[in-house]
Protein chains: 2
Amino acid sequence: MPAKPPQPPRPTDAELEILTVLWARGPATVRDVHETICRRKPAQYTTVLKMLQIMAEKGLVRRDEKQRAHIYQASRPREWTQRQLAGDLLQRAFNGSAKSLIVGALAARKASKEELAELHQLLEEYEKGTP
Amino acid sequence: MPAKPPQPPRPTDAELEILTVLWARGPATVRDVHETICRRKPAQYTTVLKMLQIMAEKGLVRRDEKQRAHIYQASRPREWTQRQLAGDLLQRAFNGSAKSLIVGALAARKASKEELAELHQLLEEYEKGTP
DNA sequence: TTCTTCGTAGTAAAGTCTTCGTAGATCATG
DNA sequence: CATGATCTACGAAGACTTTACTACGAAGAA
């Protein structure tokens with residue numbers, strides 16, 4: 001068995017779904033995660049358990065075994081993983097052009113007026129910070 | 001064999017690499033694609049061939065068999081697929097928040113001053129178009 | 001024509017991803 | 001204690017992904 005990688009690999013689809021739950025709920029047991037997942041789609045308890053075990057091996061989650069029901073939590077904060085995923089897609093599909101990615105994102109889901117305003121402000125801060 | 005899906009599925013990593021070549025080169029033979037791929041990493045000719053065959057089945061590329069060396073081309077324009085990918089990631093990892101995705105993208109790869117200015121302008125057009 | 005080169009197709013091996021069933025340990029309760 | 005509930009670990013099936021070898025036909029050269 002290889003040691004846990006310091007840089008956990010890109011999460012797969014199912015893994016990302018579980019990470020989403022952990023980010024929203026904070027540290028949680030298998031049962032907690034399972035119940036949350038089940039509200040959106042049918043899934044067996046042991047399936048979630050197995051995923052969490054695999055994710056622990058990969059280093060995507062950390063697990064506290066002090067209790068009988070182990071407590072899992074994402075090993076990286078949401079923002080960190082989101083940055084990885086955005087950067088990965090940027091590299092693989094957008095040839096590194098952040099502009100293209102943003103165009104794609106805005107085209108995929110029309111942003112509201114408020115969201116656009118937020119983005120506008122965000123950009124201005126970036127422009128100030130990058131002289 | 002199922003018919004070609006009208007909505008081709010999300011391309012995998014290797015598929016996306018090939019699509020990138022086709023987008024850049026336009027319609028191309030297996031040999032063309034193979035040579036381009038080979039400049040960046042070792043790969044067998046028949047591996048590229050097989051990928052293109054699979055991608056044709058999935059509907060990711062179209063193939064013209066009139067010549068002996070078949071001609072392949074992406075079945076969807078780059079922008080369309082990029083929009084799909086951005087939307088998919090937006091949904092799966094960013095809870096639909098375009099802002100978060102953009103923050104992630106900008107954090108992943110610092111944009112140049114020029115790029116930021118372009119984005120700024122782009123946003124203003126969006127804001128005009130979304131009253 | 002014969003031999004070599006170039007092309008596609010088919011097969012399959014190895015790896016990963018996802019799902020779930022079963023077994024065994026632990027805990028709570030009558 | 002006995003029984004049922006709860007939890008983890010293990011194993012494995014099935015699908016998908018990636019890679020590459022082999023076979024065989026078509027085109028071109030000697």
Side-chain angles (χ1 to χ4, degrees), chain A residues 1-2 4-5 7-22 27-38 40-73 85 88 92-93, chain B residues 1-2 4-5 7-22 27-38 40-73 85 88 92-93:
Chain A
M1 181 195 337
K4 298 176 191 175
Q7 287 276 110
R10 166 157 59 108
T12 65
D13 286 6
E15 287 165 354
L16 189 52
E17 210 171 332
I18 287 182
L19 284 178
T20 297
V21 174
L22 291 177
T29 64
V30 177
R31 183 147 306 275
D32 295 331
V33 175
H34 176 242
E35 279 173 2
T36 305
I37 295 274
C38 270
R40 280 174 298 183
K41 70 171 201 183
Q44 292 292 359
Y45 177 87
T46 55
T47 300
V48 175
L49 168 65
K50 183 66 168 180
M51 285 306 301
L52 281 165
Q53 286 172 344
I54 291 174
M55 292 168 75
E57 274 184 19
K58 292 187 182 179
L60 287 166
V61 300
R62 259 196 299 272
R63 134 170 109 173
D64 176 2
E65 312 184 358
K66 283 199 287 289
Q67 312 292 329
R68 182 160 92 102
H70 300 171
I71 306 284
Y72 291 87
Q73 63 180 315
L85 289 169
D88 177 72
R92 289 206 335 277
Chain B
M1 180 196 334
K4 298 175 190 173
Q7 286 276 111
R10 166 156 59 107
T12 64
D13 286 6
E15 287 165 352
L16 189 51
E17 210 171 333
I18 287 181
L19 283 179
T20 298
V21 174
L22 291 178
T29 65
V30 176
R31 183 147 306 276
D32 295 330
V33 175
H34 176 242
E35 279 174 2
T36 304
I37 296 274
C38 270
R40 279 174 299 183
K41 71 171 200 183
Q44 292 292 356
Y45 176 88
T46 56
T47 300
V48 176
L49 168 65
K50 186 61 172 178
M51 286 305 302
L52 282 165
Q53 286 172 344
I54 292 173
M55 293 168 74
E57 275 183 18
K58 292 186 181 179
L60 286 167
V61 299
R62 259 196 300 272
R63 126 170 117 173
D64 175 1
E65 310 184 359
K66 283 198 288 289
Q67 311 293 329
R68 183 161 93 102
H70 299 172
I71 307 285
Y72 292 86
Q73 63 179 315
L85 289 169
D88 178 73
R92 291 205 335 276

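Quick note on labels: first sequence line is chain A, next is B, and so on, each numbered from 1. Only a predicted model underlies this, so the values are computations on that prediction, with no experimental measurement involved. Basis for what follows: all heavy atoms, side chains included, without hydrogens, waters or symmetry-related copies.
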Check your understanding: In whole angstrom, what separates Lys66(B)'s NZ from dT8(C)'s C1'?
Key -> 17 Å
Check your understanding: Expressed in angstrom and rounded to an integer, what is the separation of Leu16(A) atom CG from dT18(C) atom C1'?
Key -> 15 Å
**Study point:** Exercise: identify the closest heavy-atom pair between Gly59(B) and Pro8(B)
**Key:** O-CB, 3.7 Å
Check your understanding: In residues 29-37 of chain B, which residues come under 4.0 Å of DNA chain C by heavy atom?
Key -> Val30(B), Arg31(B)
Exercise for review: To the nearest Å, give me how far apart CD (Gln44(B)) and C1' (dT8(C)) are.
Suggested key: 16 Å
Check your understanding: Taking the side chain of Met51(A) as heavy atoms from C-beta outward, which of dC27(C), dT19(C), dT18(D) is closest to it?
Key -> dT19(C)
Review point. If only side-chain N and O atoms of Lys41(B) are considered, is one of them under 4.0 Å from the OP1 or OP2 phosphate oxygen of dT18(D)?
Key: no
Check your understanding: What is the distance, rounded to the nearest whole Å, between atom CG of Leu52(A) and atom C1' of dC17(C)?
Key -> 15 Å
Check your understanding: In whole angstrom, what separates Gln67(B)'s CD from dA26(D)'s P?
Key -> 16 Å
Point to revise | salt bridge (Lys or Arg N to Asp or Glu O under 4.0 Å) between Glu17(B) and Lys41(B), worked out | key: CA-CA 11 Å; Glu17(B) 210 171 333; Lys41(B) 71 171 200 183; 3.5 Å; yes
Review point. From Arg10(A) CZ over to Leu60(A) CG, what is the distance, rounded to the nearest 0.5 angstrom?
Key: 12.0 Å
Exercise for review: Classify the nucleic acid contact of Thr12(B) as base, sugar-phosphate or nothing, counting any heavy atom under 4.0 Å across all strands shown.
Suggested key: sugar-phosphate
Study note, to complete from the structure: Nucleotide by nucleotide, nucleotides 9-15 of chain C touches protein heavy atoms under 4.0 Å in the pattern (B base, S sugar-phosphate only, - none) B-B----
Review point. Is there a side-chain polar atom (N or O) of Thr47(A) under 4.0 Å from OP1 or OP2 of dC20(C)?
Key: yes
**Study point:** Inter-residue atom distance Thr47(A).OG1 - His34(A).NE2, 0.5 Å rounding
**Key:** 7.5 Å
Review point. Closest to the Tyr45(B) side chain: dT19(D), dT19(C), dG7(C)?
Key: dG7(C)
Exercise for review: Could you tell me whether a side-chain N or O of Thr29(A) sits under 3.5 Å from a main-chain N or O of Asp32(A), the two making a donor and an acceptor?
Suggested key: yes
**Study point:** Asp13(A) side chain near Arg92(B) side chain, heavy-atom distance below 4.5 Å
**Key:** yes
**Study point:** Minimum heavy-atom distance Leu22(B)-Ala28(B), with the two atoms named
**Key:** CD2-CB, 4.1 Å
Point to revise | Nucleotide dA25(C), atom P - distance to CZ of Arg68(A) in whole Å | key: 13 Å
**Study point:** Stepwise salt bridge (Lys or Arg N to Asp or Glu O under 4.0 Å) test for Lys58(B) and Glu15(B)
**Key:** CA-CA 11 Å; Lys58(B) 292 186 181 179; Glu15(B) 287 165 352; 2.7 Å; yes
Study note, to complete from the structure: Atom CD1 of Ile54(A) and atom P of dA9(D) are separated, to the nearest Å, by 13 Å
Review point. If you round to the nearest 0.5 Å, how far is CD of Gln53(A) from NE2 of His70(A)?
Key: 9.0 Å
Exercise for review: Could you tell me the separation between the CD1 atom of Ile18(A) and the P atom of dT19(C), rounded to a whole number of Å?
Suggested key: 9 Å
